[in-house]
Amino acid sequence: MKRPDIDQNAKPLFVSSSNPGSSTAWACVVYSLVPLLGIVFVPLAFAFSIYSVLRTTGSSGFRNGIKLFMVAVVILFAQLGLWWLLFLIPEMAGRS
């Protein structure tokens, strides 16, 4: 039995993009997933996704920029919820 070629079935983990704004926005979105610390990267993800939308020439780059913006919005609300809990829990403990 012959082993299939490894490169034939391999899929790249990170697809290179011709749009540097989209690549940078994706990196910021990934870094913004860090709980509590990620709030620093959410504004950068917004900025680079908007840059990607405005500077793109093809429809796929436009869609990627919009998707990254929407993911950044979701992460922003999650990060704000975590920060809210960070201040709410000690208050609740002080009331007991």
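From a predicted model like this one, the values you see are computed outputs, not experimental measurements. Computation of the quantities below employed the complete heavy-atom set of this structure, encompassing side-chain atoms and omitting hydrogens, waters and symmetry-equivalent molecules. Each residue takes its place number in the sequence, starting with 1.
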Closest heavy-atom pair and its distance - Ser49, Gly65: CB-O, 3.6 Å

Gap between atom CH2 of Trp26 and atom NZ of Lys67 - 0.5 Å precision: 10.5 Å

Pairwise distance CG(Leu36) to CG(Leu85) - rounded to 0.5 angstrom: 9.0 Å

Approximate separation, where rounding is to 0.5 Å, of Ser52 OG and Asn64 CG: 7.0 Å

Common cluster, Phe77/Leu86, ILVMFWY with side-chain heavy-atom separation under 4.5 Å: yes

CG on Leu76 to CD1 on Ile39, rounded to 0.5 Å: 5.5 Å

Non-hydrogen side-chain atoms of Tyr31 and Leu37 separated by less than 4.5 Å: no

Atom pair OG/CZ of Ser32 and Phe46 - distance to nearest 0.5 Å: 9.0 Å

Co-membership, hydrophobic cluster, residues Ile66 and Leu54, 4.5 Å side-chain: yes

Side-chain heavy atoms of Ile75 within contact of Phe41, under 4.5 Å: no

Side-chain touch Phe69/Val53, heavy atoms, less than 4.5 angstrom: no

Distance, nearest 0.5 Å, that separates CE of Met92 from CD1 of Ile89: 7.5 Å

Note, Thr24 side chain near Leu44 side chain (heavy atom, < 4.5 Å): no

Exercise: identify the closest heavy-atom pair between Val34 and Gln79: O-NE2, 2.9 Å

Least distance between heavy atoms, Gly21 atom then Tyr51 atom: CA-CD2, 3.8 Å

Closest approach of Val29 to Ala45 (non-hydrogen atoms, all atoms of both residues): CG2-CB, 3.8 Å

